[in-house]
Every structure is written in structure tokens, then in C-alpha cells.
Amino acid sequence: MEYNFAQIEKKWQQYWADNHTFQTNNDSSKPKYYVLDMFPYPSGAGLHVGHPLGYIASDIYSRYKRLKGFNVLHPMGYDAFGLPAEQYAIQTGQHPATTTENNIARYRQQMDKIGFSYDWDREVRTCDPAYYKWTQWAFLKMFDSWYDKDLDKAVPIATLIEAFEKNGNTAVNAACGNVKTFTADEWKSMSETEQRAVLMQYRIAYQGETTVNWCPKLGTVLANDEVKEGLSVRGGFPVEQKKMKQWQLRVSAYAERLLSGLDGLDWTDSLKEMQRNWIGRSQGAEMTFKVYNGDKEYDMVIFTTRADTIFGVTFMVLAPESDWVGKLTTPEQKEAVEAYLAAAKKKTERERIAETRHVTGVFSGSYAVNPLTGDRVPVWISEYVLAGYGTGAIMAVPAHDSRDYVFAREFNLPIIPLIEGCDVSQESFDAKEGIMCNSGFLNGMTVQQAIPAAIDYVESKGIGKRKINYRLRDAIFSRQRYWGEPFPIYFKEGTAYAMPEDKLPLELPAIDEFKPTETGEPPLARAKEWTYEGWPIEKSTMPGFAGSSAYYLRYMDPKNDKALVSREADEYWRNVDLYIGGTEHATGHLIYSRFWNKFLYDLGYVCEQEPFRKLINQGMIQGRSNFVYRIKGTNTFVSCGLKDNYDTTEIHVDVNIVHNDRLDLEAFKAWSPEYATAEFILEDGEYVCGYAVEKMSKSMYNVVNPDKICADYGADTLRLYEMFLGPLEQSKPWDTKGIDGVHRFLRKFYRMFLNEAGEFCVSDEKASAAELKTLHKLIEKESWDIEHFSFNTTVSAFMIAVNDLAALGCNKREILEPMVILISPFAPHVAEELWSLLGHKETITYASFPEFNPAYTVEDSFEYPVSFNGKLRFKITLAKSLSQQEAADAVRSDERTAKYLNGGTIKKIIVVPSKIINVVC
RNA sequence: GCGGGCGUGUUGUAAUUGGUAGCCAAGCUAGACUUAGGAUCUAGUGCCGUAAGGCGUAAGGGUUCGAGUCCCUUCGCCCGCACCA
């Protein structure tokens, strides 16, 4: 009987759902294993074949782990707040909740068809008030905490107030904004508003003025990871730098812990490296330069990693946004500086980047004094210095920094080389190597010696100190949008107050329009009645990463309305053992989640410092587009191989009407009225399409829908094929060509149980040695491969095993029953069907992974290839039990050996156990 | 520019981690069977050569009895970051 996948899959999906087969318990004597997928944003386009790649892999691993005796947590949910639903709402007036609800239903339907073993009773949605209650709760905890650098952790703000009341803020070592020092008495004499303004500088979640990425087109601010090359990641709109008062999370306080925590994680090197770059630790020194605007004197602090080059400082540079600009602009230069600032301000981030090579700058009129040489150097202002890094001011050493060099050349500033023998006539010498010169007491040292020596010196003179700087900045946490979590914050006479925890969740109010208001306020400003005790509530909402930062914790205990996660659930599941998802979250979600988790750890709400123990990035599946070639000015299409004989236009054609690059002519005519009368010039009676690898998208007509594959070939074939396509981590184009291979394999396997007449044909005969060997080789290979996430080779191994068994004519229960268990992680539906045919009442979930018995695979003799001087000559059959010496003797006495010696002598014989013998002449 | 990775048949890929390169598929070529299907089965399929044999893992060099794998140089491709002082 034919393998009727449609019927089988429907039957078992229904069975699993009805029986809650994959429901997971929080108390079990089994060891736990937590397998997590990055939950999807339910977009309107539905899933394409690229999305399930990681889900299939994690499902295989989950099913495998269950068979291995683990209590597996494998949940799924939806990252359901976000911009697209809101933009759709603006266009259509449909509430984002409705669109989101519909999209989720579609996603669920598509996922169900693939046969995942999720525990759907644990589903979470970030837009559900019962869920975002805990996002808001975490925010309140951050609002109510500060970072104590001495304890190196976050602690409740009450401890800070206590400290202020005792000693003011002088003894407090906190990660905080700019605050003046004050005594206990001064603190006590402050008004509540003043005190709250001070505390705001210390909170982990705080509101502060900072330069932000403002996207006018989206009408919202964006975090650094949401901007790429000066454009918004969503939509690709220009982004500008703007000073604004925004909610922020003090992620920077965790920079060092986020960095050192990476060492213990089982992530790929490239991903760890990306996070290291993003955190951007650099070790150097802060130094104080005296600066003079006329006769006004100031102390200006700069950051440098090259303290050794201080003798080569020939000018200073300020970022245009730096506070020093105002202080150091002299009356004579005022006009020029203002013109420069205005021009800089007008540029979008994109333009600034595009002009990287073009140097701009203006002289402030002021001078600085080099603390070591006493030299007077001019202070300039230039865009190439960033306000947000270090102190927003630098000492410029044109001889040894390429950016300073270009600037010095442009404005004719002096260049003093500091390393013996270096040539700075054409370019700067940036390398940290060589012997110092022109550098006073540093002369004669290597650069590596000079750096610490210079810092020691400035530290001893009190003009500088060691300092570690991080690129990682605090995360901008507010968005001027509707479809996100509201802030549980209200403003009493302009001062921010937290709402009490028991008022959570603070639900999104209903509004009738989702656009920003005419006055540029966020959409929530339309909710006039929305107040807390008569005071206005914060109008912006939280960003996308808020809801996804702790969702893995919520799955552990999704129905708990007393806590984000109970202590028992947290201590049982601890953290995610295996996390599978895309690499695009490397510097966003994966940093924020780690931060969020560490914060909760500090306050004692979770027991693990790191949320994701092992992480695998599945590759992207690209589209494989097909083309037809229309002869210009006609409605005639020429097959790909003949297209060069004509003047043609290349047209994307829907890949769903193309099979193995052959166009379905009737379907093509029906595809669009334009082609109804199309004519074709064929090759061997067929129309062959051209192809190209592109991003999978609607406009390229190359989207392959998993539903269609499930309908045509079945979910099991889709699952096997997605794995068979290549290594999990590798990006690859989707090519339906080749899917027949795995489908044929499944049919072949199925036919081992049911003959053509549909009769069960499995016998209870004893298995032969050859059959047992095939089985146990597969068990060994599959275990090793799955543990190493090499799923493509597992599928191959399966095909080999089934080919071998078919050749042996094997239809024995002793072999086939374990085979069914082995295939079940990959092709669960057909496995369940065969399992029940074999007479089992319970599902395969209760079975256990077959034990590997090496005794069955041992060979008593082995064909050793024999090489002479590394060149393969012949093979010799030897008993496996022979020692190396005995094997060598056997080769020596073999008559073929003489043939290859040509009268020479054997120098040595190398025997590599079970592999090869090499004879050196 | 910096960082990470990759380069193997016509195509996707494999190689027990230094041990017979090309497994398993796709495609192609023959053939069998047929209810002519996108079914099933058999054989062949890296290159040169009738053959023995030789050559082959981007190119060149090195280490080794032995290199796709390790080291150096060059070329090419992909990804990430990018004025971070």
C-alpha cells in the first residue's frame, strides 16, 4: 500500500493534541533539559520554508532527549508587540491586537502541520496583559534599583537613600550619571523633587537626556542595534542623532560581567566575538589637560589607549555635541563654530557615514596645555570625534593615529613622529610596535613598555588615571508608539513615580487612531482619560526587546500570577540548555536578555547568571528564484539554453509553477492574464527556467510555503529534507529539487512494514549478524551526530541503513522496531504510525532510544590498504586481533610486497590500527 | 580598515577530526517493468587513458611514512563591526 502521509499526519497530529502528549511536568525524577527556539514575530506573510529550519532542529533534539530519558521543556510563543502590526493599523484602522491575533492563528496552524512537539499549554504572548505584567514588573524593579560597583551588583534603591542620609554621596561607588557631590545634610535639605532628580541618575531604569537615534519617518527613537549604516533596520529609513530625554536601561553597568560571562558559554566563537566587539572593552587612561579660553582656565579630561604618545600631541579635538564646545569657543571663532555645528546637525547619520573620508572641522579659538611638555596646542571641533564615547574629547597624535593624521594634513597641523625610524610623510604609523623617541623619559622603551610607564607617570603626578572604557551604551528603552508595553510610571508635578506593583498589569488603553498626534506626541496621548490618581501616565511604550528579554523564564511557570517564575520552577529548570535561533539577534536580544537575567539574579529572583548555556545559530534559507525569458516586444518565451540567440527580458516566475527548473506551461498561462496567450520556444519539448539565489521574498516570487510542501510531500519529508539540505549553521538556498530523494526514502522505509497489498509483513524471525551490524552502526552514528547537531549526516546514515537492510531483504521486528524509534525524531508521524502497526498501545514518546552494542559491529577481519611510500598499492586481509608487529610481519611476508620493493629494502612498516599500513622503502 | 568563517564532481554535500577523497542524495546516460505518472527496479557517472596506470579537494610552497584536514604566501567568496581615540 502506498505511503499515505496526508492521512497519517492528520491522524497523529490530532492524537498528540487530544492527548496532550507533549505536556511537560515541573516535577519529575528525570533530569531536566530545556530546549528553546527564538519565538517568532507573527508577521502577516506567514511562515516560509526558512523559518522552520531551526524549529525542526530543536524539535529533533527535544524528541531525541526525551527518548534518552530527559524531562524536556520545549515551549513556543509569540513576540507579538511590534511595529508592523501598528503600521498596518495606521493604514487600515484595524486594531493591532486583531491583526496580531489573526497572524498568530495562521502561524499556529502552519506550525501544527509540521508536527512539532511543543508543550502548547505553556504558550506565551508578549502582548498579553497577563504576560506583560511581568515585563512591567521587571521594569519597576530596575527603576527601584541602583548599581553598587563595590558589591558589583544591582541592589534596591532604599540602600542608596540610607547611604545618602548617613554620608551623602561621597562614599557611594555607583554606576550613575553626572551628579555633584553632596553631604548628608545637603541631601536632607533637598526637596522631594530634587531628591528624586538625584535618584534618577542612579536608577538601573532611568530617564535621562542623551543623544539618541531618532527616526523621523517612524516617529520613534531606536536602540543602537536597531540601526544599521544609518538606516532603521525596520523599514530602512534615515536616522538622525538628536538629544532627547528618554527612558534608558543602565546596561553599561553590566559591561564587564556581560563580557566575562561569555567565557563559560557554549556559543560559537563568531557570536561571542560579535558580542565582545559590541561591548568594546578598551583599556587606557584618562588624562586631564588644562584648557584656556582667553584667561578662563578649565580642567578637561580625555580618554586615550595610547598614553605613550602624549609627547606627540599637537592638537585636541572635541565632538560637536560636547559640552566643552560652548565653554571653549572664543568670541572671534563663535560665528565659524556655530556655522559648523549647524551644518553638522543637519546631516543625517547616513550622510555622516558617507562622508567618512571627507574631513571637516573648525578651530574653537581655545588652547590646551600638554601636561607633560607644557606645549600649547589648539583645540578643534570635528565630527570624527564621537560625543558618546569616552569623554567626547580627545588628544590628537597625528603621527600615530590615522584619523588624527588625515585631520592634521587637512588643516596643516604639525606631526611629530615618536617611534624610531617610522615614516610619517605619507601616512600615520598606527602599529603598537617599535622604540620610542622624541618622548622624554619614554625614549628607548618599546611601545609595549612605554604605555604602562606613561600611565604610571601621569598617575604619580595626579594628572591621570587608568581607566577601562566600553563601547556598550545604555539601552534606549522608550518608543513613541502604541503597540508595546506601557510604562507603569506616572508624573506627579513633572516628577516620575512608579506605580505600585499590585496595580500591574497597566493595560494599554483603547484608542481610535494609532498615528502620533498632530503635536508630535506618541499615539497614547490620545487616551485623555488614561491617568493614575489624576496624574498623567508615561506616553511612550517599551521597545520590542522588553518582552523577549525574560520569556524563557516565563515558560518555566507560565500561569503563575504571583511571580514571574516561582522559585521551585526556576530551581528545577534553571536556564536554557539549548537555544536555537538566528544570528541577527547577536547584539540585540542576546545582550539584553543576558543583562535582564543578571539583573534578576542580583536581586535573587533567578538562580543562574547566564540564561542560555548553549546556543546554535541556524543558517538562513535563501530563495532560489526562477526566470523565464521573453523575447522583447513579443509574448514568446524562450527556454534558458536558447536565450542567447534572442534579445530577451528576464522575468521572475513563481517558483511554485516550476518543477526541477522545468516550467509548467499551463500553470504559467493561468498565472497572469498577460501570459494567457504566451507562446514558447522549447528545448527537447520542455521549457527550462534560469535561476538565481536571492533573498526569499514575495517580490521575487521565490517564496516556498511549508504548507505546500506538507501537502505535496508531507511534513515528515519536509522535516527530513530541511535537515538533509546541509549543515544546520550554514546558509543555503532553498531548492525543492532533491526533495524527491528523501520522499523516496520514506516510502521505501514504509514498504518494509507494509507490502504493496497493504499487508503487515514484519516477521518475528531472529535477526542475522549482518542485520544487527547495520542497526548498531546506525545507533552509534545517530547518537554521535545528534549530539553534535550534524543532522544532515544522520539522515544520510539512515538512508544507508535502509538501503543495506533492503538489500538484505530484512523485514524483522528485532531490527525494524528500533529503527522506528531511531527515525522518530526526524519523521515523527510515520514513526508513530509504524509503531502502532507494530502493536504498541502507547506513543513512541514512552519508548527509549535503543542501546548501542559495540559487539554487533566488531569485525573479526579487516581489509588493510597497504601503501608504499604513501602510495596505495594493494589491500591485505588481516585478522583484527593481530598486534601491530604481527600485521607488519604479515605485510613483509606477502608476495606482493616484493613486487613493490624493486630490490630495495624496507626501512620501516607503520601500522595504524584498523586503518592503513605504510611501508617505507 | 578590523574581526569571524569558507573554497571538494554538473549540483546539495560527506570524509570516524592527520589515515583508501567524493559517502548519501540530486541531475544525467543506458536498460527492465508498466495502468505512460513527478511510479518502481538494475547498471553507469571526478578528470586523462583502450588498458595497465596516472592526475585530482581555489593556486603555490612547507611539516609528515601519510595532508581536503596542520603551518606560511597568494587569490576568490560570505558574514559581522566600522571615525570607539
Side-chain angles (χ1 to χ4, degrees), chain A residues 2 228-229 268-278 280-282 284 302-306 309 317 319 352-353 355-357 359 382-386 388-397 400-404 406-407 430 469-473 583-584 586-587 617 619-620 659-662 664 712-713 721 724-727 729-733 735-745 747-748 751 756 780-781 784 790 792-803 863-872 875 907-910 912-921:
Chain A
E2 266 310 295
K228 231 166 227 175
E229 288 169 19
T268 60
D269 290 339
S270 73
L271 197 81
K272 285 188 189 178
E273 209 47 43
M274 267 193 236
Q275 289 213 343
R276 287 193 190 108
N277 289 341
W278 191 258
R281 182 186 203 268
S282 65
I302 59 94
F303 174 76
T304 181
T305 53
R306 292 295 302 273
T309 61
V317 190
R352 262 176 95 149
I353 290 166
E355 291 172 11
T356 294
R357 301 280 156 239
V359 202
S382 173
E383 284 182 302
Y384 86 88
V385 173
L386 303 177
Y389 185 77
T391 62
I394 63 154
M395 64 177 210
V397 186
H400 302 289
D401 183 288
S402 50
R403 298 152 302 181
D404 298 344
V406 173
F407 194 84
D430 290 14
N469 238 320
Y470 300 92
R471 253 187 49 173
L472 185 71
R473 315 230 197 124
T583 178
E584 69 271 18
T587 53
N617 292 119
M620 285 250 271
H659 188 79
N660 285 349
D661 287 340
R662 302 303 188 289
D664 180 336
D712 292 353
Y713 295 95
Y721 187 56
F724 186 65
L725 223 41
E729 277 117 316
Q730 193 173 301
S731 284
K732 54 227 157 193
D735 186 358
T736 311
K737 211 173 175 175
I739 197 168
D740 296 319
V742 289
H743 190 62
R744 255 172 230 150
F745 154 75
R747 277 207 301 246
K748 205 179 206 175
R751 276 203 307 270
E756 277 169 52
E780 186 188 21
K781 173 107 178 116
W784 196 91
S790 178
N792 53 331
T793 56
T794 320
V795 179
S796 296
F798 231 95
M799 291 179 175
I800 296 167
V802 167
N803 285 347
E863 269 214 327
Y864 285 76
V866 179
S867 308
F868 280 76
N869 290 338
K871 287 220 150 88
L872 178 70
K875 289 179 184 174
K907 284 199 188 123
K908 59 176 170 176
I909 296 183
I910 299 155
V912 181
S914 82
K915 288 296 171 193
I916 196 167
I917 292 172
N918 192 31
V919 181
V920 186
C921 307

Could you check Gly388(A) against Asn792(A) and say which one's nearest nucleotide on RNA chain B is further toward the 5' end? Asn792(A)
Would you mind telling me which of rA26(B), rG4(B), rA85(B) lies closest to the side-chain atoms of Glu273(A)? rG4(B)
Expressed in whole Å, how much space separates the C1' atoms belonging to rA25(B) and rC79(B)? 28 Å
Just how far is it from atom CD of Gln275(A) to atom CG of Asn277(A), taken to the nearest 0.5 Å? 10.5 Å
Roughly, in whole Å, what's the span from CG in Leu725(A) to P in rA26(B)? 14 Å
Under 4.0 Å between any heavy atoms, over every strand shown, what does Ile394(A) touch: base, sugar-phosphate, or nothing? Just pick one. base
Checking the side chain of Ser867(A) only, and the main-chain atoms of Asn918(A) only, is there a donor and an acceptor separated by less than 3.5 Å? no
Of the nucleotides rU20(B), rA85(B), rC24(B), which one has an atom closest to the side chain of Pro865(A)? rU20(B)
Pick the P atom in rA14(B) and in rG22(B), then give their distance to the nearest Å. 15 Å
Does rA85(B) have its OP1 or OP2 closer than 4.0 Å to a side-chain nitrogen or oxygen of Ser282(A)? yes
When you match Gly390(A) and Trp278(A) each to their closest nucleotide on RNA chain B, which lands nearer the 5' end? Trp278(A)
So, taking the atom named CZ in Phe407(A) and the one named CD in Glu383(A), what distance separates them when rounded to the nearest 0.5 Å? 10.5 Å
Determine the contact category for Asp404(A): base if any of its heavy atoms lies under 4.0 Å from a base atom, sugar-phosphate if only primed atoms, P, OP1 or OP2 are that close, otherwise nothing. nothing
What's the CE-C1' distance between Met395(A) and rC83(B), to the nearest Å? 17 Å
Spacing of Arg471(A) atom CZ and Tyr389(A) atom OH [to the nearest 0.5 Å]: 9.0 Å
What integer distance in Å separates Asn277(A):CG from rC79(B):P? 17 Å
Atom pair distance, as rounded to whole Å: CG in Leu472(A) and P in rC81(B): 15 Å
Reported CZ-to-CG distance for the pair Arg276(A) and Asp269(A), which is rounded to 0.5 angstrom: 7.5 Å
Dot-bracket encoding per residue of RNA chain B, Watson-Crick/G-U cut-off under 3.5 Å, | denoting interstrand: (((((((..(((......[....)))((((((.......))))))(((....)))..(((((..]....))))))))))))....
Looking at the angle O4'-C1'-N9-C4 for a purine or O4'-C1'-N1-C2 for a pyrimidine, is rG9(B) syn or anti, with syn meaning within 90° of 0? syn
Tell me yes or no: between the side chains of Ser796(A) and Thr793(A), is some donor less than 3.5 Å from an acceptor? no
Distance, P atom - from rU8(B) to rC77(B), rounded to whole angstrom: 14 Å
Shortest side-chain distance from Lys737(A), nucleotide among rG3(B), rA85(B), rA26(B): rA26(B)
Could you work out the separation of rA39(B) and rG27(B) based on their P atoms and round it to a whole Å? 9 Å
To the side chain of Pro727(A), which of rA25(B), rA14(B), rC81(B) is closest? rA14(B)
I need the Ile394(A) CD1 to Phe303(A) CZ distance, nearest 0.5 Å. 12.0 Å
Can you give me the closest heavy-atom contact between Tyr384(A) and Ala396(A), atom names plus distance? OH-CB, 4.4 Å
Suppose you measure atom C1' in rG56(B) against the same atom in rG46(B); what distance do you get, rounded to whole Å? 8 Å
Checking Asn469(A) against Ser282(A): is there a side-chain donor and acceptor pair closer than 3.5 Å? no
In whole Å, what separates the P atom of rU35(B) from that of rG44(B)? 28 Å
Would you mind classifying the nucleic acid contact of Ile910(A) as base, sugar-phosphate or nothing, using non-hydrogen atoms under 4.0 angstrom? base
From CZ of Arg306(A) across to C1' of rA85(B) the rounded distance in Å is 11 Å
Donor-acceptor pair (no angle test) under 3.5 Å: Asn918(A) side chain, rC65(B) base: yes
Among the candidates rA82(B), rC65(B), rG12(B), find the nucleotide nearest to the side-chain atoms of Phe724(A). rG12(B)
Taking only the P atom of each, what is the distance from rG3(B) to rG9(B) in whole angstrom? 30 Å
Regarding rG53(B), purine or pyrimidine glycosidic angle vs 90° from 0 gives anti
Value rounded to 0.5 Å, distance of CG in Asp401(A) from CZ in Arg306(A): 8.5 Å
What are the two closest non-hydrogen atoms of Gly741(A) and Met799(A), and how far apart are they? O-CE, 4.3 Å
Measure CG/Asp735(A) against P/rG12(B) and give the value in whole Å, please. 9 Å
Using side-chain heavy atoms (C-beta onward) and a distance below 4.5 Å, is Leu725(A) in contact with Asn792(A)? no
Determine the interatomic distance between P on rU17(B) and the same-named atom on rU64(B); round to the nearest Å. 23 Å
Quick one: Gln730(A) CD to rG7(B) P, roughly how many Å, whole number? 9 Å
Whole angstroms only, please: what is the OH-P distance between Tyr389(A) and rA82(B)? 14 Å
Of the candidate nucleotides rG80(B), rA85(B), rC24(B), which contains the atom at the shortest distance from the side chain of Asn803(A)? rC24(B)
Indicate for each nucleotide in nucleotides 36-46 of chain B, in 5' to 3' sequence, whether protein heavy atoms under 4.0 Å reach the base (B), only the sugar-phosphate (S), or nothing (-). --BSSS-----
Can you tell me whether the base of rU17(B) sits syn or anti, using the 90° cut around 0 to define syn? syn
